[in-house]
Amino acid sequence: MRLVTEVGPGRRAGAPLGMPDPGGPEEVPAADAGPEEGMADRIDAGLLERVDRYVEELLVPADAALDEGLREAAAAGLPDIAVSPNQGKLLHLLARLVRPTRILEVGTLGGYSTAWLARALEPGGRLVTLELEPHHAAVARRNLARAGLDGRVEVRVGPAVATLRAMAAAGEGPFDVVFIDADKQTYPEYLDLALALSRPGAVILADNVIRGGRVLDASSRDPQVQGVRRFNARLAAHPRLDSIILPILRDQLDGVSISLVRA
Ligand code: SAH
Ligand code: DHB
Ligand code: MG
């Protein structure tokens, strides 16, 4: 956990998160003042972490199968980049609002977010999750079986763009919920393919759309940051989507996008 997270200037620049704005409008920096100008906000990550833990202890009880899945994924050498328990619960609740019978996930890893989403399925519903790495897929299949979800979830191995194109060509779907969480440079393409596979009224969710605030840097040469920036801009401009980004606390400040597909 980083102790201090810097974000760029905004309407509330100068005010630590959750604290009253210390000054009047005269203390708000010019709109073009960047972090280099020394006006970065300081967010107390210790407080954010305690609040996140409070919410988790209150509302996200430990789950033996899911927790064991995280341990198994770590033991199998998978990176520690699954969504947090609180974010898993958020994804689960957002999905349940749609009463989904078909869910699509792009980026399985060890199946942690997959399990949260699959538990949102209506009786008889199915989830398809796409994963590039056969080793990740194998770990996920074991974890999903342990959670009793193997009958409802199919893990498909391969580069997700090719799989998604094949699914569209085969007339698969439409899906009620899509969760995008694979390689960040390909997010814009995943959005187009997700839309092609979604029904009107579907919800499209995406992880990692803030990345510690690095998405604020238009001149970033990081292809992942640029991919997410293009994805976010596309959400904002898309005539068929109504969207918001919810900042969320992970190892760093990150965010999940929520988009409703219009009729
Ligand atoms: N959704 C998971 C985390 C996914 S991490 C969770 O929260 O539990 C991102 C995953 O995307 C990794 O497993 C990685 O192997 C996979 N990935 C990366 N590039 C991909 C691609 N081109 N196609 C499909 N999966 C990909
Ligand atoms: C990374 C990928 C993720 O999906 C995530 O949630 C965190 C980190 C990564 O590739 O570093
Ligand atoms: Mg992610």
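Every number for a ligand or one of its atoms is a count from 1 in the order of the listing. Computed from a prediction, not measured in an experiment: that's the story for all the values here.
Taking every heavy atom of H136 and a limit of under 4.0 angstrom, the matching atoms of ligand 1 come to 12 (C), 13 (O), 15 (O). Listed by atom number, the atoms of ligand 1 under 4.0 Å from Y190 heavy atoms are 21 (C), 22 (N), 23 (N). Under a 4.0 Å criterion applied to the non-hydrogen atoms of G158, ligand 1 contributes the atoms 23 (N), 24 (C). Atoms of ligand 1 found under 4.0 Å from any heavy atom of P159 (numbered from 1 in listed order, with element): 23 (N). Near E133, meaning under 4.0 Å from any of its heavy atoms, are these atoms of ligand 1: 15 (O). Which parts of ligand 2 touch D207 is read off a 4.0 Å heavy-atom cut-off, strictly below it: atoms 6 (O). Short contacts between ligand 1 and A82, defined as distances under 4.0 Å to a heavy atom of the residue, involve ligand atoms 6 (C), 7 (O), 8 (O). Of all atoms in ligand 1, numbered sequentially from 1 with element shown, those under 4.0 Å from a heavy atom of L109 are 2 (C), 3 (C), 4 (C), 5 (S), 13 (O). Set against the non-hydrogen atoms of K184, the atoms of ligand 2 under 4.0 Å away are 2 (C), 3 (C), 4 (O).
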Side chain to side chain donor-acceptor pair (under 3.5 Å) evaluation trace for Q252 with R214: CA-CA 11 Å; Q252 59 185 345; R214 291 193 299 285; 3.2 Å; yes
Audit row: E105, S113, side chain to side chain donor-acceptor pair (under 3.5 Å) steps and yes/no: CA-CA 9 Å; E105 179 179 64; S113 58; 2.5 Å; yes
Derivation of the side chain to side chain donor-acceptor pair (under 3.5 Å) call for Y187 and N232: CA-CA 9 Å; Y187 267 34; N232 290 343; over 6 Å; no
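Nearest protein heavy-atom contact of atom 23 (N) of ligand 1 is A160 N, 2.9 Å. If you check which protein heavy atom lies closest to atom 6 (C) of ligand 1, you get S113 OG, 3.0 Å. What sits closest to atom 12 (C) of ligand 1 on the protein, heavy atoms only, is E131 OE1, 3.5 Å. Nearest protein heavy-atom neighbour of atom 24 (C) of ligand 1: L132 N, 3.3 Å. In terms of protein heavy atoms, atom 8 (C) of ligand 2 is closest to I81 CG2, 3.4 Å. Of all protein heavy atoms, the one lying nearest to atom 3 (C) of ligand 2 is N208 OD1, 3.2 Å. Closest to atom 5 (S) of ligand 1 among all protein heavy atoms lies I81 CD1, 3.6 Å. Nearest protein heavy-atom neighbour of atom 3 (C) of ligand 1: D181 OD2, 3.2 Å. Nearest protein heavy-atom contact of atom 7 (O) of ligand 1 is V83 N, 2.9 Å.
At a heavy-atom cutoff of 4.0 Å, ligand 2 is contacted by the side chain of R211 but not by its backbone. Contact annotation for V106 and ligand 1: no heavy atom of the residue comes within less than 4.0 Å of the ligand.
Using a 4.0 Å cutoff on heavy atoms, Q87 does not count as a contact of ligand 2.
Judged purely by atom type and a 3.5 angstrom limit, N143 uses its side chain to pair as donor or acceptor with the backbone of G110. Remark: the backbone N or O of V128 is not paired with any side-chain donor or acceptor of E154 at under 3.5 angstrom. Although no hydrogens or angles enter the test, the distance criterion places no donor-acceptor pair under 3.5 Å between the side chain of D176 and the main chain of A202.
The pair R165-E189 meets the salt-bridge criterion, with a side-chain N (NZ, NE, NH1 or NH2) lying under 4.0 Å from an Asp/Glu carboxylate O. Between D217 and R229 there is no salt bridge, since no side-chain N of the basic residue sits under 4.0 Å from a carboxylate O of the acidic one. The pair E56-R53 does not meet the salt-bridge criterion, since no charged nitrogen lies less than 4.0 angstrom from a carboxylate oxygen. The existence of a salt bridge linking R141 and D150 is excluded, since no basic side-chain nitrogen approaches an acidic carboxylate oxygen closer than 4.0 Å.
Around atom 18 (C) of ligand 1, the closest heavy atom drawn from T186, D183, L130 belongs to D183.
Ligand 2 has no nitrogen or oxygen under 3.5 angstrom from a nitrogen or oxygen of A182. Polar contact check, G107 against ligand 1: a nitrogen or oxygen pair lies under 3.5 Å apart. Annotation: A182 places no N or O atom under 3.5 Å from an N or O atom of ligand 1; distance criterion only. Residue contacts with ligand 1: G111 is placed with no nitrogen or oxygen under 3.5 Å of a nitrogen or oxygen of the ligand (distance criterion only).
Atom CZ of R199 sits in a crowded spot, with more than 12 heavy atoms from other residues, nucleotides or ligands closer than 6.0 Å. Annotation for R234: atom CZ does not count as buried by contact number, only 12 or fewer foreign heavy atoms lying within 6.0 Å. When the shell of 6.0 Å around CZ of R156 is examined, it contains more than 12 heavy atoms from other residues, nucleotides or ligands.
Residues L90 and F179 share a single hydrophobic cluster, defined by chaining ILVMFWY side chains whose heavy atoms lie under 4.5 Å apart. Cluster membership check: I103 does not share its hydrophobic cluster with L109, using side-chain heavy-atom separations under 4.5 Å among Ile, Leu, Val, Met, Phe, Trp and Tyr. Residues L191 and L132 fall into different hydrophobic clusters, defined by Ile, Leu, Val, Met, Phe, Trp and Tyr side chains chained together at heavy-atom separations under 4.5 Å.
Considering just the N/O/S atoms of D207, the one nearest the Mg ion (ligand 3) carries the name OD2. Closest to the Mg ion (ligand 3) among the N, O or S atoms of D181 is OD1.
Residue N208: an N/O/S atom is found under 2.8 Å from the Mg ion (ligand 3).
Using modelled atom types and a 3.5 Å distance limit, the side chains of Q87 and D207 yield a donor-acceptor pair.
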